[in-house]
Protein chains: 2
Amino acid sequence: MSIANPSTSEDLGSAAQRERRKRILDATYDLATSGGFDAVQMRAVAERADVALGTLYRYFPSKIHLLVSALGRQFEDASARLNEREIPGDTQAERVLYVLKRMARGMQGDPKLTEALTRAFMFADSSVSNEIHVVGMAMTTIVTHAMHGGTPDEGAITEDDVAIARVIGDVWLSALVAWVTGRSTAEETAAHMEKAVHLILRD
Amino acid sequence: MSIANPSTSEDLGSAAQRERRKRILDATYDLATSGGFDAVQMRAVAERADVALGTLYRYFPSKIHLLVSALGRQFEDASARLNEREIPGDTQAERVLYVLKRMARGMQGDPKLTEALTRAFMFADSSVSNEIHVVGMAMTTIVTHAMHGGTPDEGAITEDDVAIARVIGDVWLSALVAWVTGRSTAEETAAHMEKAVHLILRD
DNA sequence: GCATAATTTGGAACACGTTCCACTACGTTC
DNA sequence: GAACGTAGTGGAACGTGTTCCAAATTATGC
């Protein structure tokens, strides 16, 4: 068995396997974008990725793993894009809100996709902890990076910074869930985040 | 149709109906307590509550509604119990942490039950918003009550108080999800909450 | 190139949430 | 107490996540 757990392993296997994995994630993405969580049906993903159902399950042991992996890829992309530039804003709160709003805008542009990924994230159990960890790290990195102004070495990141970033991440996640599940509007979510960030980061 | 939506309506119908509803929620409770989310199977709930499957669905239109209703009952009980007494602690942070720890202890004593209810809460969509609202209100009330020291009229509750309580509720929910899904231990959760509350409530 | 192992395939089968339906029991109205 | 409408019953059936398996295909070591 050369690939014990293709979804998280560093060793991504042969080119054909990497290609299959990408096709699967792309299919997941497409289906989630057009129809949300319910539209990501394992048979549909397999068919669109041109892969047998059994193969799909060999690469991703459950629908949740699949979606959380897709979420991880998206977050890592976003994190990479945000972290290579300076963040505008004079205070920590302003900068953090800047990146949060930016991410929110991106997510609101793809509500179905966001719904699918968020649902999966919230439903994941410990068997998905590796994939979850990727998302959590990306989130924390984004926030601490913004706190520090976007310049790579403008002061080391302290434990306190990380704690703060995690709290903000928590609020953000709860707000996201409320929005995704239709319990609050985009405006309410934005206002709530603004309030929370100012509460936590009183520069 | 005398009961349009028995799970949220004020009018709870005849005594027999109230009795059935209680039996269903009790069965849900028992199954969730012993086996968590997965053990709450609609056929099993129906059988244990001595009710036909169709009847179960008439009272609660989905498994999620059922579990969130159960969560609502639990939260309202907890809220009522907490709100009729004074909360010890000299600062807002201390008092809030007191109630949070108290609730955490209760939940950790019934991990499977907590897992089932939290999962359902996180998975609920807008069709469950009534039931969700009950839980959210109870949570906010518990926190604002603690902030104000537990004496009923020791200062009115301001909008700001509610905003703070909601933020704390958000962090608490995220922490709960992380704990429930086995991604963090009870100790980590407690430490994180402590940090967050002190960050938000610097008396 | 062959033998062997690993992977993929196609599809059947199972579990559980949900829907549906024909039938029965109950309670309300006159 | 007869007729009617509402609620409850028992159970079949469907959809989708998941598991399983035998056969076909591909990769690997010699």
Side-chain angles (χ1 to χ4, degrees), chain A residues 1-7 9 11-24 27-28 31-32 35-70 116 119-120 123-125 127-128, chain B residues 1-7 9 11-24 27-28 31-32 35-70 116 119-120 123-125 127-128:
Chain A
M1 171 167 51
S2 104
I3 48 170
N5 183 349
S7 68
S9 169
D11 169 23
L12 288 163
S14 71
Q17 284 169 346
R18 241 177 296 123
E19 167 60 23
R20 268 200 195 85
R21 188 168 196 278
K22 180 175 181 313
R23 281 211 311 277
I24 291 172
T28 304
L31 288 167
F37 187 87
D38 290 341
V40 181
Q41 298 182 359
M42 299 305 267
R43 288 171 181 87
V45 172
E47 190 177 356
R48 184 179 279 242
D50 207 25
V51 140
L53 192 55
T55 308
L56 173 53
Y57 272 94
R58 166 179 266 275
Y59 279 73
F60 299 94
S62 78
K63 173 171 174 173
I64 299 293
H65 283 82
L66 176 58
L67 281 167
V68 175
S69 295
R119 273 250 158 82
F123 211 63
D125 65 5
S127 77
V128 204
Chain B
M1 173 167 48
S2 103
I3 47 170
N5 182 350
S7 69
S9 169
D11 169 23
L12 288 165
S14 72
Q17 284 169 346
R18 241 176 298 123
E19 169 59 22
R20 268 201 194 85
R21 189 166 194 281
K22 180 175 182 313
R23 279 210 315 275
I24 291 172
T28 304
L31 288 167
F37 188 87
D38 290 343
V40 181
Q41 298 181 358
M42 299 306 268
R43 290 173 179 86
V45 172
E47 189 177 356
R48 183 179 280 241
D50 207 25
V51 139
L53 192 54
T55 307
L56 173 52
Y57 273 95
R58 166 179 268 274
Y59 278 75
F60 299 94
S62 78
K63 175 171 173 174
I64 299 294
H65 283 82
L66 175 57
L67 281 167
V68 175
S69 295
R119 272 254 159 80
F123 210 64
D125 66 5
S127 78
V128 203

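Every chain is numbered from 1, with letters handed out A, B, ... down the list of sequences.
- Note that the two end axes of the helix from C:dG1-D:dC30 to C:dC30-D:dG1 enclose an angle of 20°, each drawn from 5 base pairs, rounded to 10 degrees.
- The side chain of A:Gln17 lies closest to C:dT8, out of D:dG8, C:dT9, C:dT8.
- In this structure, the side chains of B:Gln41 and B:Leu31 stay at 4.5 Å or more apart for every pair of heavy atoms.
- Listed by chain and number, the residues in a side-chain hydrogen bond (donor to acceptor under 3.5 Å, both in side chains) with B:Ser62 are B:His65 (sequence neighbours excluded).
- Checked against side-chain hydrogen bond (donor to acceptor under 3.5 Å, both in side chains), B:Asp50 has no partners two or more places apart in sequence or in another chain.
- Taking the ring pair (Phe, Tyr, Trp, His ring centres under 6.0 Å) definition, one finds that B:Phe37 meets it with A:Phe123, sequence neighbours left out.
- When rounded to the nearest whole Å, the span between NE2 of B:His65 and C1' of C:dT18 equals 13 Å.
- B:Asp125 places its CG atom 11 Å from the P atom of C:dT18, with the value rounded to the nearest Å.
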Q: Assess whether side-chain contact (heavy atoms from CB on, under 4.5 Å) is satisfied between A:Leu67 and A:Lys63, documenting all intermediate values.
A: CA-CA 6 Å; A:Leu67 281 167; A:Lys63 173 171 174 173; 4.1 Å; yes
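- Atom CG in A:Leu56 sits about 14 Å away from atom P in C:dG10, given to the nearest Å.
- The side-chain heavy atoms of A:Leu56 and A:Arg43, taken from C-beta on, include no pair separated by under 4.5 Å.
- Of the candidate nucleotides C:dT9, C:dT19, D:dG17, C:dT19 has the atom nearest to the side chain of B:Tyr57.
- With contacts defined as side-chain heavy-atom distances shorter than 4.5 Å, the pair B:Asp125/A:Arg119 qualifies.
- Remark: P of D:dT19 and CZ of A:Phe60 are 16 Å apart, rounded to the nearest angstrom.
- Only A:Val40, A:Gln41, A:Met42, A:Arg43, listed by number, bring a heavy atom of residues 35-47 of chain A to less than 4.0 angstrom from any atom of DNA chain D.
- B:Arg58 places its CZ atom 11 Å from the P atom of D:dT9, with the value rounded to the nearest Å.
- In this structure, B:Glu47 places its CD atom where only 12 or fewer heavy-atom neighbours from other residues, nucleotides or ligands lie under 6.0 Å away.
- In this structure, OH on B:Tyr59 lies 8.5 Å from CZ on B:Arg23, to the nearest 0.5 angstrom.
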Please list, pair by pair, any protein nitrogen or oxygen found under 3.5 Å from a nitrogen or oxygen in nucleotides 20-28 of chain C.
none

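- When the C1' atom of C:dG17 is taken as reference, atom CG of B:Leu31 falls 15 Å away, rounded to whole Å.
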Q | Derivation of the side-chain contact (heavy atoms from CB on, under 4.5 Å) call for B:Gln17 and B:Arg21 | A | CA-CA 6 Å; B:Gln17 284 169 346; B:Arg21 189 166 194 281; over 6 Å; no
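- Under the 4.5 Å side-chain criterion, counting only non-hydrogen atoms from C-beta, A:Arg48 is not in contact with A:Thr28.
- What separates CD of A:Glu19 from P of D:dA27 is a distance of 13 Å, to the nearest Å.
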